[in-house]
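Both counts, for ligands and for their atoms, begin at 1 and track the order of listing. The structure displayed is predicted, hence computed values, not measured ones.
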Amino acid sequence: MTRVDPALYFHAHMKDIPIPDSPFPLLVDLHTDALYEHMRGRKDITQRSDKGHLDLPRMKEGGVNGQVFAVWVSPTELKPGEYCDFALRGADVFDQVCAGCPDAVTPVRTPAGFRQATAAGRIAAVLGVEGGHALEGRLENLDRFYEHGVRVLTLTWCNSNELGDSSSDESQPHKGLSPLGRKAVRRMNELGVIVDVSHSADMTVFDILDTSLSPVIASHSGIRARRDFNRNLTDDEIKAIGTHGGVIGVVFLPYFLREPEDKASVEDVLDCIDHICQLVGPDHAALGSDFDGFEGVLAGLEDVTKMGVISSGLRRRGYPERDIAKIEGLNFLRVWDAVANRAA
Ligand SMILES: [Zn+2]
């Protein structure tokens, strides 16, 4: 069990980034694997269907106007040497999808672009890569990703890689972040790529917070105090991410929310948001569905068309409108502002 003092991760300069305002509601989701499903030909995300949880027409219906689309790089279906190319192909597919639906979605590479796209009534689509093995151990590939529009990198998936240890790997070969992983985090700070700690082992999370000069996200994570599972975040991690200025996107994956998982519902997502807000306040909670990254459905949040139940549920629980707006998008935008400002 890792013991830390979360106050160690307080950086005064990160508190200087104000929480932005938006003249219209934002509804931002920090993680979906829908692009991967599209790449594999299992669905066409430009067309409405009942396959999986998400496509562009259903996002419109659900009111989602900001989305991080992750290119998941399978470490088993692909072989080393193919990972980086697959991620870059994902970037091309992302651009093609967006170019084919210009009235619905805009690929955005900056917070300003995000604001413009959402103001124009389109979905602001942010490109991510899930799994640091996609770098193939070469920092130059970070720059290539950046040039191709990648603005979020999930440092590990369920496999440990050259950068650091995964929460799903008991062998913990690096005991946290590797020296290359530390360099990668600093390079991401320089470039303006958001560091995503979801999937990382506990020691990796604390090493990332120790290294990163910019706030980080946990794009799709659960709460370990509510569901004891090493993929979920401990209270110490939540406090440390919060004092470091970051945000935690609460996952909708039933197995991560409660046991038995068939009893999980949207109320568990709201409970996780409550838990984060009670620990570190409303500036550090966000949404991270993992839609199309899991089988089955969460009761009450069966697909992206149901996203409105989050704000109505928070309202029912007494959250002020300003806090709901933070959780549903402004917190993420604040982190991206901070990451982009530091890079600039
Ligand atoms: Zn994931």
Inset, instruction - May I ask you to check whether Ser219 and Asp196 show a side-chain donor-acceptor distance below 3.5 Å? - result: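 Yes, side-chain donor-acceptor contact under 3.5 Å.
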Inset, instruction - Hey, can you tell me if Trp336 and Phe114 have their rings parallel, tilted or perpendicular (30° and 60° cut-offs)? - result: perpendicular
Inset, instruction - For the residue pair Phe294 and His53, categorise the inter-ring angle as parallel (less than 30°), tilted (30 to 60°) or perpendicular (more than 60°). - result: tilted
Inset, instruction - Tell me, with the steps shown, if Glu130 and His199 meet side chain to side chain donor-acceptor pair (under 3.5 Å). - result: CA-CA 9 Å; Glu130 184 172 24; His199 285 286; 3.0 Å; yes
Legend entry - If only protein N, O or S atoms under 2.8 Å count, total around the Zn ion (ligand 1): 3
Legend entry - Contacts of type side-chain hydrogen bond (donor to acceptor under 3.5 Å, both in side chains), residue Arg144, not counting sequence neighbours: Asn141
Legend entry - Electrostatic pair Arg187:Glu190 at N-O distance under 4.0 angstrom: yes
